[in-house]
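Letters A, B, ... mirror the listed sequences (proteins, then strands); counts begin at 1.
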There are 2 protein chains.
Amino acid sequence: MSQFTSGELRVMQLLWEHGELKPGELQELHPVPIKNPALRSYLKILVDKGHVSRRRVGKAFFYKANTPRQRAFSTMLGDLVRIFCAGSVDELVMALVRKEKLSEDDLLELKRLADLGSEAGSRKRGAREKKS
Amino acid sequence: MSQFTSGELRVMQLLWEHGELKPGELQELHPVPIKNPALRSYLKILVDKGHVSRRRVGKAFFYKANTPRQRAFSTMLGDLVRIFCAGSVDELVMALVRKEKLSEDDLLELKRLADLGSEAGSRKRGAREKKS
DNA sequence: ATCAACCTGCAGATAAATCTGCACAATGCG
DNA sequence: CGCATTGTGCAGATTTATCTGCAGGTTGAT
């Protein structure tokens with residue numbers, strides 16, 4: 001159930017990027033023009049869902065992301081990979097390559113990260129079933 | 001708007017996996033119990049959106065995915081990467097590593113794919129802005 | 001104190017996603 | 001043919017996502 005709608009996501013992004021904001025600031029930073037009540041409607045939903053907490057300061061509230069950005073990303077990506085790749089990663093990378101989302105630099109970086117990950121993975125082996 | 005809701009996605013998966021199906025088969029294969037009219041409601045939406053086409057056979061229709069599975073995946077993944085990684089791939093891979101979705105084998109495979117991609121990328125350079 | 005500028009809670013309106021019911025048509029089997 | 005099965009179109013009910021309006025409170029400058 002930790003799924004964000006696109007409207008909610010737009011708000012979360014601002015909170016992730018800027019830390020703690022009050023409505024006016026959120027409104028100014030919001031990528032598309034949004035009126036105060038509409039914004040508050042999203043905030044209420046996010047607070048209800050537990051993704052955002054708020055803290056009274058003077059007259060107003062400061063809103064803060066409760067769910068860390070990295071976790072949200074990881075969850076959503078995990079869902080996608082589970083649905084489309086049965087949990088494996090090959091198709092994921094091939095999709096990126098096909099999309100040309102990966103530049104030459106990205107691929108070098110990817111190899112570097114893969115190396116890092118290999119070491120990390122070796123240090124704590126057995127997390128996942130191996131296929132061969 | 002090539003976004004699928006989760007209900008639509010469940011149907012698309014079946015069509016991607018099995019090719020061309022009629023309502024009864026879809027109903028049987030459906031991961032969660034679904035009644036005929038509910039299923040048809042999704043099919044209608046998917047047909048309206050253009051993701052599915054249908055072909056009359058006798059009394060009934062056969063439904064077939066119009067949007068290829070790979071493209072849907074690529075689009076959805078692209079959205080996610082754009083939102084969370086500003087189009088770059090580092091955070092994506094790190095998220096996978098952190099999630100332990102990547103086994104040691106996966107990482108080796110990843111490096112292999114990265115090599116393949118590098119060659120492919122070199123053959124048609126300049127698709128994306130470089131960061132340095 | 002008064003006013004403008006911001007905030008709040010609450011109570012919807014609108015649209016889309018999800019799911020249901022009803023009346024009827026085509027097919028196959030006795 | 002008569003009937004059960006499995007379709008179909010159409011017309012909504014329900015829930016969630018998205019957005020709006022109103023009546024009023026708190027703060028700070030005049």
Side-chain angles (χ1 to χ4, degrees), chain A residues 1-15 18-65 67 72 75-76 79-80 83, chain B residues 1-15 18-65 67 72 75-76 79-80 83:
Chain A
M1 280 283 272
S2 69
Q3 177 128 320
F4 298 97
T5 69
S6 58
E8 291 163 15
L9 213 43
R10 257 167 288 161
V11 173
M12 290 304 287
Q13 304 245 25
L14 296 179
L15 295 179
H18 297 90
E20 208 178 23
L21 295 172
K22 49 184 176 175
E25 296 165 337
L26 276 168
Q27 208 173 337
E28 280 178 17
L29 291 166
H30 202 267
V32 300
I34 189 172
K35 292 182 193 158
N36 176 287
L39 173 63
R40 276 166 48 211
S41 170
Y42 284 119
L43 285 172
K44 177 169 177 6
I45 289 174
L46 286 170
V47 168
D48 286 351
K49 284 190 183 173
H51 293 302
V52 165
S53 60
R54 57 185 208 172
R55 180 171 66 92
R56 177 146 243 150
V57 164
K59 64 176 178 181
F61 286 104
F62 280 84
Y63 292 84
K64 177 169 63 86
T67 301
T75 299
M76 293 179 73
D79 289 347
L80 204 60
I83 289 173
Chain B
M1 279 314 169
S2 68
Q3 176 127 320
F4 298 98
T5 69
S6 58
E8 291 162 15
L9 213 43
R10 256 168 288 160
V11 173
M12 289 303 288
Q13 303 244 28
L14 296 178
L15 296 179
H18 297 91
E20 209 177 23
L21 295 173
K22 50 183 176 176
E25 297 164 337
L26 276 168
Q27 208 172 338
E28 281 177 17
L29 291 167
H30 203 266
V32 299
I34 188 172
K35 292 182 192 154
N36 176 287
L39 174 65
R40 277 167 48 212
S41 170
Y42 284 120
L43 286 171
K44 177 169 178 4
I45 289 174
L46 286 168
V47 168
D48 285 351
K49 285 191 182 174
H51 293 302
V52 165
S53 59
R54 58 185 209 173
R55 180 170 66 93
R56 177 145 243 151
V57 163
K59 64 175 176 180
F61 286 104
F62 281 83
Y63 293 85
K64 177 170 62 85
T67 301
T75 299
M76 294 179 72
D79 289 347
L80 204 60
I83 289 173

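Protein atom CZ of B:F61 is 14 Å distant from nucleotide atom C1' of D:dT6, rounded to whole Å. Straight-line distance from the CG atom of A:L9 to the P atom of D:dA17: 13 Å, rounded to whole Å. As a whole-Å value, the separation of B:Y63 OH from D:dT8 C1' is 8 Å. Rounded to an integer number of Å, the gap from NE2 of A:H30 to C1' of D:dC19 is 12 Å. Spacing between atom CZ of A:R40 and atom C1' of D:dT18 amounts to 15 Å, rounded to whole angstrom units. Spacing between atom CG of A:L21 and atom P of C:dC6 amounts to 16 Å, rounded to whole angstrom units. The separation between B:L43 atom CG and C:dA17 atom C1' is 15 Å, rounded to whole Å. Computed from coordinates, the B:I34 CD1 to C:dT20 C1' distance equals 12 Å when rounded to whole Å.
Within the 4.0 Å cut-off from OP1 or OP2 of C:dC19, at least one side-chain nitrogen or oxygen of B:Y42 is found. Phosphate contact (OP1/OP2 of D:dC19, side-chain N/O of A:K35, threshold under 4.0 Å): absent. For A:T5 and D:dT16, the shortest distance from a side-chain N or O to OP1 or OP2 is not below 4.0 Å. Look at A:S41 and you won't find any side-chain N or O under 4.0 angstrom from OP1 or OP2 of D:dA17.
Closest approach of B:V52 to B:Y63, counting heavy atoms only: CG1-CD2, 4.0 Å. Scanning both residues, A:E20 and A:E25, for their nearest heavy atoms gives O-OE1, 4.3 Å. Taking each heavy atom of B:Q27 and B:L39 in turn, the nearest pair found is N-CD2, 3.8 Å. B:M12 approaches B:T67 most closely through the heavy-atom pair CE-O, 4.1 Å. Minimum heavy-atom separation, B:Q3 to B:K49: O-NZ, 3.5 Å.
In this structure, the nucleotide among C:dT20, D:dT18, C:dC7 sitting nearest to the side chain of A:I45 is D:dT18. The side chain of B:E8 has C:dT18 as its nearest neighbour among C:dT18, D:dG7, C:dC7. Closest to the side chain of B:A60, out of D:dG7, D:dG9, C:dT8, is D:dG7. Residue B:K49 has its side chain nearest to C:dA17 when only C:dA17, C:dC7, C:dT27 are considered. In the set D:dG21, D:dT8, D:dT18, D:dG21 carries the atom at the smallest distance from any side-chain atom of A:P37. For A:K59, counting side-chain heavy atoms from C-beta on, the closest listed nucleotide (C:dT20, C:dA26, D:dT26) is D:dT26.
When each of B:E25 and A:L39 is assigned the nucleotide of DNA chain D with its nearest heavy atom, B:E25 is the one assigned upstream, toward the 5' end.
Here A:R54 lies in heavy-atom contact (under 4.0 Å) with sugar-phosphate atoms only.
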